[in-house]
Engineer: 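Handing you a structure now.
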Protein chains: 2
Amino acid sequence: MDPSGSNSRMQPPAETLARHGISPTAQRIRIADVMLARPQHLSADQVLAAVNASAQPVSKATVYNTLNLFCRKGLLREVIVDPARVFYDSTPEPHHHFYDIDTGELQDIPADEVAFSRLPPLPEGTDTDSVEVVIRVRSR
Amino acid sequence: MDPSGSNSRMQPPAETLARHGISPTAQRIRIADVMLARPQHLSADQVLAAVNASAQPVSKATVYNTLNLFCRKGLLREVIVDPARVFYDSTPEPHHHFYDIDTGELQDIPADEVAFSRLPPLPEGTDTDSVEVVIRVRSR
DNA sequence: CTGTGTGCAAAGCTTTTGCACTACT
DNA sequence: AGTAGTGCAAAAGCTTTGCACACAG
């Protein structure tokens with residue numbers, strides 16, 4: 001584990017932000033409160049709704065800017081499985097996902113529940129950034 | 001292999017369309033010509049440009065409608081790796097992808113070059129639709 | 001005072017939709 | 001005639017950008 005970098009330790013958001021080199025403004029803390037409360041996957045829209053329900057409103061632009069900032073700083077991860085919108089994942093460590101194509105729900109798969117017995121060689125002149133498995137499922 | 005369903009057999013596009021239950025109109029054949037010429041990954045925009053360069057133009061709406069139709073009919077597959085746009089993959093059989101996050105290039109990984117020694121159980125009440133691996137790489 | 005962050009509205013993109021026109025059956 | 005497919009433009013998302021204001025150092 002990495003006791004310094006994880007959000008799963010449930011530290012005050014302001015500290016988490018500071019530790020990632022992000023100046024903790026009121027809006028950022030409110031957004032961090034929503035996103036980092038627990039492992040979850042939210043679209044920008046859902047974050048906007050949640051933030052504006054529980055406290056003073058934050059503008060749409062600020063939500064987008066802040067989520068992108070958090071991703072750049074390694075606090076969140078983008079999950080691209082739905083052409084219509086990006087999901088932001090509060091678990092920045094590498095892991096995989098179930099995606100329910102009927103409900104649109106996204107579910108984590110811990111990294112250690114997937115193992116490869118075979119992987120292809122990388123294309124010439126490239127380095128791995130990430131290996132992500134998406135298991136698309138339908139509700140029965 | 002599946003000698004009846006694949007586009008890699010390089011049959012006349014009209015026949016391929018008919019075999020998939022798609023009435024072969026002029027525009028659809030032109031779009032199929034572009035997409036099915038060889039294994040490739042094109043965005044709707046690239047298809048539009050290619051079609052309109054090589055022959056009489058096809059409208060943007062028709063390109064989108066046709067690509068979606070081809071996907072529904074199992075002739076193409078959507079690849080969702082870039083938040084900005086959908087790629088259409090001329091290889092409808094299950095396989096995996098390299099995605100170069102610097103150049104935006106997408107490259108096929110044949111299904112048999114990836115094997116799992118461990119996979120998680122599916123969530124309650126769901127069936128697998130697909131298992132897709134995306135290896136994100138950076139150009140060195 | 002200077003610089004960073006925020007808010008709002010407008011713009012930008014990709015993709016979808018509505019409706020009239022065309023072309024086969 | 002009737003049905004399916006096409007084209008065009010407009011609409012509908014989601015996301016980004018520009019600029020003025022607020023706030024902190």
Side-chain angles (χ1 to χ4, degrees), chain A residues 13-14 16-18 20-35 41-52 55-73 75-89 101 104 106, chain B residues 13-14 16-18 20-35 41-52 55-73 75-89 101 104 106:
Chain A
T16 307
L17 295 183
H20 285 262
I22 300 169
S23 23
T25 68
Q27 289 85 344
R28 287 172 180 177
I29 291 174
R30 249 176 282 150
I31 292 172
D33 270 335
V34 169
M35 277 305 307
H41 311 90
L42 298 176
S43 65
D45 227 45
Q46 292 174 308
V47 174
L48 181 65
V51 167
N52 288 355
Q56 309 91 296
V58 175
S59 80
K60 191 187 269 200
T62 299
V63 168
Y64 275 99
N65 291 339
T66 301
L67 290 173
N68 282 338
L69 174 68
F70 286 5
C71 284
R72 277 204 308 284
K73 296 295 190 174
L75 209 64
L76 299 177
R77 243 178 127 87
E78 283 184 331
V79 185
I80 324 269
V81 285
D82 183 332
R85 73 192 134 286
V86 174
F87 286 101
Y88 294 90
D89 188 335
I101 58 182
L106 207 46
Chain B
T16 306
L17 295 183
H20 285 260
I22 301 170
S23 25
T25 67
Q27 290 85 343
R28 288 170 178 177
I29 291 174
R30 248 176 281 147
I31 293 171
D33 270 335
V34 169
M35 275 307 305
H41 311 89
L42 298 176
S43 65
D45 225 45
Q46 292 174 310
V47 174
L48 181 66
V51 168
N52 288 355
Q56 309 91 296
V58 175
S59 80
K60 193 186 271 199
T62 298
V63 169
Y64 275 98
N65 291 339
T66 302
L67 290 173
N68 282 338
L69 174 68
F70 286 5
C71 284
R72 276 202 309 281
K73 296 295 190 176
L75 210 64
L76 299 177
R77 241 177 127 88
E78 283 185 331
V79 184
I80 323 263
V81 286
D82 184 331
R85 73 192 130 286
V86 173
F87 285 101
Y88 294 91
D89 188 335
I101 56 182
L106 207 46

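Keep in mind that the numbers below use all heavy atoms, side chains included, and drop hydrogens, waters and symmetry copies. Every chain is numbered from 1, with letters handed out A, B, ... down the list of sequences.
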Engineer: Nearest to the side chain of Gln27(A), heavy atoms from C-beta on, is which of dG5(C), dG5(D), dG7(C)?
Structural biologist: dG7(C)
Engineer: Which side-chain N or O atoms in residues 41-49 of chain B pair as donor and acceptor under 3.5 Å with protein atoms at least two apart or in another chain?
Structural biologist:
{"residue": "His41(B)", "atom": "ND1", "partner": "Leu106(B)", "partner atom": "O", "Å": "3.4"}
{"residue": "His41(B)", "atom": "NE2", "partner": "Asp89(B)", "partner atom": "OD2", "Å": "3.2"}
{"residue": "His41(B)", "atom": "NE2", "partner": "His97(B)", "partner atom": "NE2", "Å": "3.3"}
{"residue": "His41(B)", "atom": "NE2", "partner": "Asp108(B)", "partner atom": "OD1", "Å": "2.8"}
{"residue": "Ser43(B)", "atom": "OG", "partner": "Gln46(B)", "partner atom": "N", "Å": "3.3"}
{"residue": "Ser43(B)", "atom": "OG", "partner": "Gln46(B)", "partner atom": "OE1", "Å": "3.3"}
{"residue": "Gln46(B)", "atom": "OE1", "partner": "Ser43(B)", "partner atom": "N", "Å": "2.8"}

Engineer: Evaluate the side chain to side chain contact (heavy atoms under 4.5 Å, CB included) criterion for residues Leu67(A) and Met35(A): first the C-alpha distance (whole Å), next the side-chain angles of each, then the deciding distance (0.1 Å), finally the verdict.
Structural biologist: CA-CA 9 Å; Leu67(A) 290 173; Met35(A) 277 305 307; 4.0 Å; yes
Engineer: Which residues satisfy the salt bridge (charged side-chain N to carboxylate O under 4.0 Å, His left out) test with Arg77(A), sequence neighbours excluded?
Structural biologist: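 Applying salt bridge (charged side-chain N to carboxylate O under 4.0 Å, His left out) to Arg77(A) gives Glu132(A).
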Engineer: For Pro57(B) and Asn52(B), which heavy atoms make the closest approach, and how far apart are they?
Structural biologist: CA-OD1, 3.0 Å
Engineer: Run the side-chain donor-acceptor check on residues 78-86 of chain A: report pairs under 3.5 Å with partners two or more places apart or on a different chain.
Structural biologist:
{"residue": "Asp82(A)", "atom": "OD1", "partner": "Ala84(A)", "partner atom": "N", "Å": "2.7"}
{"residue": "Asp82(A)", "atom": "OD2", "partner": "Tyr99(A)", "partner atom": "OH", "Å": "3.1"}

Engineer: Calculate the interatomic distance between Gln46(B) atom CD and dT15(C) atom C1'; express it in whole Å.
Structural biologist: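 About 16 Å, once rounded to whole Å.
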Engineer: Output all residues satisfying side-chain contact (heavy atoms from CB on, under 4.5 Å) with Ser23(A), sequence neighbours left out; order by chain, then residue number.
Structural biologist: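 Partners of Ser23(A) under the side-chain contact (heavy atoms from CB on, under 4.5 Å) test: Arg28(A).
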Engineer: What nucleotide among dC8(D), dG5(C), dA4(D) has an atom nearest to a side-chain atom of Ser23(A)?
Structural biologist: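 In terms of side-chain proximity for Ser23(A), the closest of dC8(D), dG5(C), dA4(D) is dG5(C).
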Engineer: Distances for protein N/O vs nucleotides 9-16 of chain D N/O pairs under 3.5 angstrom?
Structural biologist:
{"residue": "dT15(D)", "atom": "OP1", "partner": "Val86(A)", "partner atom": "N", "Å": "3.0"}
{"residue": "dT15(D)", "atom": "OP2", "partner": "Tyr64(A)", "partner atom": "OH", "Å": "2.7"}
{"residue": "dT16(D)", "atom": "OP2", "partner": "Asn68(A)", "partner atom": "ND2", "Å": "2.9"}

Engineer: Treating primed atoms plus P, OP1 and OP2 as sugar-phosphate and everything else as base, which nucleotides of nucleotides 19-25 of chain C get B, S or - for protein heavy atoms under 4.0 Å?
Structural biologist: -------
Engineer: How close or far is atom P of dT14(C) from atom CD1 of Ile80(A), stated in whole angstroms?
Structural biologist: 16 Å
Engineer: Starting at atom CD1 of Ile22(A), determine the distance to atom P of dT4(C), rounded to an integer number of angstrom.
Structural biologist: 16 Å
Engineer: Kindly indicate, with the supporting measurements, whether the criterion side chain to side chain contact (heavy atoms under 4.5 Å, CB included) is fulfilled by Phe87(A) and Leu76(A).
Structural biologist: CA-CA 10 Å; Phe87(A) 286 101; Leu76(A) 299 177; over 6 Å; no
Engineer: For the side chain of Thr66(B) and the backbone of Thr62(B), is there at least one donor-acceptor N/O pair under 3.5 Å apart?
Structural biologist: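 Checking the backbone N and O of Thr62(B) against the side chain of Thr66(B), a donor-acceptor pair under 3.5 Å is found.
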Engineer: With respect to the phosphate group of dA24(D), does any side-chain polar atom (N or O) of Thr25(A) fall under 4.0 Å of OP1 or OP2?
Structural biologist: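 No, Thr25(A) has no side-chain N/O under 4.0 Å of OP1/OP2 on dA24(D).
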Engineer: For Thr25(A), what residues pass the side chain to side chain donor-acceptor pair (under 3.5 Å) criterion, not counting sequence neighbours?
Structural biologist: none
Engineer: So, is Thr62(A) close to the dT6(C) phosphate, meaning a side-chain N or O under 4.0 Å from OP1 or OP2?
Structural biologist: no
Engineer: Ignoring the backbone of Arg28(B), work out which of dA4(D), dG7(D), dT6(D) is nearest its side chain.
Structural biologist: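 For Arg28(B), the side-chain atoms sit closest to dT6(D).
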